[in-house]
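Report on one structure; see the data block that follows.
We're numbering straight along the sequence, starting at 1. Worth knowing before you read on, the calculation uses all heavy atoms, side chains too, and leaves out hydrogens, waters and symmetry mates. Just so you know, these numbers come straight off a predicted model, no measurement behind them.
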Amino acid sequence: MQKITMTTPLVEIDGDEMTRILWQIIKDELLVPFVDLKTEYYDLGLEHRDETGDQVTIDAAEATKKYGVAVKCATITPNAARMTEYNLHEMWKSPNGTIRAILDGTVFRAPIVVKGIEPCVKNWKKPITIARHAYGDVYKNAEMTIPGAGRVELVYTPADGSEASSILVHEFKGSGVVQGQHNLDNSIESFAKSCFEYALDTKQDLWFATKDTISKKYDHRFKDIFADLYENEYKEKFEKAGITYFYTLIDDAVARIMKAEGGFIWACKNYDGDVMSDMISSAFGSLAMMTSVLVSPHGYYEYEAAHGTVQRHYYKHLKGEETSTNSVATIFAWTGALRKRGELDQIPELQKFADKLEEATISTIESGKMTKDLALITTLENPTVLNSRDFILAIREKLEELM
Ligand code: NAP
Ligand code: MG
């Protein structure tokens, strides 16, 4: 069989621990035998990030800007324990945070739906993709405890020296708390743009919700920015693609989600996205079945699994014990990236290969062969539990049948 050739390299961002082990097996067994894989490799394993003073993370993000598509393995975000474990020079920042800051993107998370792993909301038939605005609001707040009676005001002092304005927050009679939040038109616009683009890209409806009836300036601004951008730039494109943009109040959205069938994107403000993405992933079954893609408003894409480096399994692996770590989300990170590369470079064989690898992965699970995390929650009878490597080899067998 002739291998599929690529023209533009994919930015390959390697990572840490158990997911790094899976990464290599996936490449060796599921990619290299079928695709003449062309990648530009960046090693974001923690040792190498430390050796390069984290420059490699910046280089990987810049390469993503250059080529447009990246695939990333999960990486350790160092904390105090990791400082000692890896004898680090510095407590390096989260690579995902660094990359997101450079690409200015929005993260879209979607569950991989297979028969036998049923969502606990029984009418959810298709994935619900969550887009979380990752700037501002309560995550960049200024808050104070108020010890006793007194007046709290918000004051805006214009940089150009013109007159300041203020508004009363509360005239405290006793002790309490207060909080100031902000957001930026630019950031909300980028978020909106990424959402509209991704909806077009994946041909799914887009939902957005805030509490604009209560927050008539703050939340209303989010609503207006989305509405203006839709009217001016996306309405026609959406109509042509046969998809819709739907705005409602956040409580109405939550109520409707429970009755919906899925198959759409739900754009959320920062806090709503934090809370709702955990609800959606747990309701769909498992974090190990959740994909994640960073979409920048400039059209750069970075694909990864939503889960971390699965540290506990890695330590078992190091002791020579058998592991049964689920590689599905990491495989789908690769298929997402390869499909996008194929689309941009007009290589239909590459797109078809991505489809087939996903099909092989899903049908392996549906035939009863799966990793332990899925075996614990499946509705299929007598599932076969495979170890990390054998699960990937089972997928390879299916893939060979399909090729
Ligand atoms: P985690 O790696 O997501 O794993 C937490 C637990 O979830 C695991 O111990 C395992 O449960 C289960 N799990 C997650 N993925 C699985 C998979 N593919 N197959 C089977 N089970 C899976 O989260 P963590 O342990 O909190 O974090 C470990 C490291 O990952 C940290 O250093 C963190 O900084 C990093 N992290 C990176 C990213 C990223 O790069 N995007 C995201 C999150 C966390 P059992 O132990 O019960 O089997
Ligand atoms: Mg959360």
Side-chain angles (χ1 to χ4, degrees), residues 106-132 195-196 198-209 238 241-268 272-273 275-293 295 303 305-307 326-333 335-336 339 351-352 354-371 373-381 383 395 398 402:
T106 295
V107 174
F108 295 81
R109 273 177 158 208
I112 298 153
V113 178
V114 298
K115 285 193 208 83
I117 313 294
E118 307 301 332
C120 45
V121 179
K122 65 179 187 311
N123 45 286
W124 287 357
K125 302 278 182 259
K126 296 179 210 160
I128 295 170
T129 300
I130 292 255
R132 173 180 172 188
C195 291
F196 288 126
Y198 195 65
L200 283 170
D201 198 47
T202 58
K203 298 213 166 30
Q204 297 185 87
D205 291 346
L206 176 66
W207 293 26
F208 181 48
F238 267 52
I243 57 174
T244 56
Y245 168 58
F246 172 58
Y247 177 85
T248 186
L249 288 169
I250 184 68
D251 40 354
D252 181 50
V254 169
R256 283 170 188 262
I257 293 277
M258 298 308 289
K259 301 266 169 76
E261 198 181 72
F264 53 86
I265 299 166
W266 183 13
C268 290
D272 299 337
V275 176
M276 293 306 169
S277 63
D278 287 351
M279 183 195 75
I280 298 279
S281 70
S282 106
F284 268 104
S286 160
L287 193 57
M289 296 292 280
M290 197 56 122
T291 61
S292 172
V293 53
V295 181
Y303 295 83
H307 60 78
N326 188 334
S327 46
V328 171
T330 307
I331 293 169
F332 274 62
T335 54
R339 184 183 294 109
Q351 290 168 257
K352 262 182 238 145
D355 293 343
K356 282 180 185 163
L357 178 48
E358 289 183 359
E359 195 186 325
T361 305
I362 289 171
S363 70
T364 300
I365 299 169
E366 290 179 348
S367 76
K369 294 178 182 171
M370 59 192 79
T371 45
D373 57 310
L374 296 183
L376 291 171
I377 57 172
T378 186
T379 53
L380 298 177
E381 274 171 42
I395 296 170
K398 289 267 182 204
L402 293 173

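In terms of modelled atom types and a separation under 3.5 Å, the side chain of Trp266 and the main chain of Val254 share no donor-acceptor contact. When atom types are taken as modelled, the side chain of Glu118 and the backbone of Gly116 share a donor-acceptor pair closer than 3.5 angstrom. Side chain of Asp205 to main chain of Thr244: a donor-acceptor pair is present (N/O by atom type, distance under 3.5 Å, no hydrogens or angles). Within the 3.5 Å criterion, the main-chain N or O of Leu380 finds a donor-acceptor partner in the side chain of Thr378.
Ring geometry, Phe246 versus Trp207: the interplanar angle exceeds 60°, so the pair is classed perpendicular (tilted spans 30 to 60°).
The CD1 atom of Ile265 lies 11.5 Å from the NZ atom of Lys203; values are rounded to the nearest 0.5 Å. Atom CE of Met289 is separated from atom CD1 of Ile365 by 4.0 Å, given to the nearest 0.5 angstrom. Put simply, CZ on Arg132 and SG on Cys268 are 9.5 Å apart, with the number rounded to the nearest 0.5 Å. To the nearest 0.5 Å, atom CZ of residue Phe332 and atom OG of residue Ser292 are 14.5 Å apart. One distance of note links CG of Leu206 with SG of Cys195; it measures 5.5 Å at 0.5 Å rounding. Separation of atoms CD1 (Ile395) and NZ (Lys369) is listed at 10.5 Å; rounding is to 0.5 Å.
Annotation: Phe208 is not in aromatic contact with Tyr245 [ring centroid separation under 6.0 Å not met].
Contact between Pro383 and Met370 at its shortest, heavy atoms only, is CB-CE, 3.9 Å. Heavy-atom minimum distance, Ala329 versus Ala305: CB-CB, 3.5 Å. Arg339 and Gln351 make their closest contact through O-CG, 3.5 Å (heavy atoms, listed as atom of the first residue, atom of the second, distance). Residues Met290 and Ser281 approach most closely at CE-CB, 3.0 Å, considering heavy atoms. Between Tyr247 and Ala209, the shortest heavy-atom distance links the atoms CE1-CA, 4.0 Å. Residue Leu200 comes nearest to Ala241 through the heavy atom pair CD2-CB, 4.0 Å, listed as atom of the first residue, atom of the second, then distance.
When the options Val295, Thr291, Ile130, Asp201 are evaluated for a side-chain contact (heavy atoms from CB on, under 4.5 Å) with Phe108, the one that passes is Val295. The residue from Arg256, Lys126, Lys125 that alone fulfils the salt bridge (charged side-chain N to carboxylate O under 4.0 Å, His left out) condition with Glu261 is Lys126.
Counting only heavy atoms from C-beta outward, the side chains of Ile112 and Phe284 never approach each other to under 4.5 Å. Taking 4.5 Å as the limit, some side-chain heavy atom of Thr330 sits within range of a side-chain heavy atom of His307. The side-chain heavy atoms of Leu357 and Thr361, taken from C-beta on, include a pair separated by under 4.5 Å.
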Show the numbers, then the answer: is there a ring pair (Phe, Tyr, Trp, His ring centres under 6.0 Å) between Phe238 and Phe196?
-> CA-CA 9 Å; Phe238 267 52; Phe196 288 126; 5.6 Å; yes
Run the side-chain contact (heavy atoms from CB on, under 4.5 Å) check on Val293 and Tyr198 step by step: do they pass?
-> CA-CA 10 Å; Val293 53; Tyr198 195 65; 3.3 Å; yes
Go through Phe264 and Ile243 one step at a time and tell me if the side-chain contact (heavy atoms from CB on, under 4.5 Å) criterion holds.
-> CA-CA 10 Å; Phe264 53 86; Ile243 57 174; over 6 Å; no
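Residues Lys398 and Glu359 are not paired through a salt bridge, judged by the lack of any N-O separation under 4.0 Å between the basic side chain and the carboxylate.
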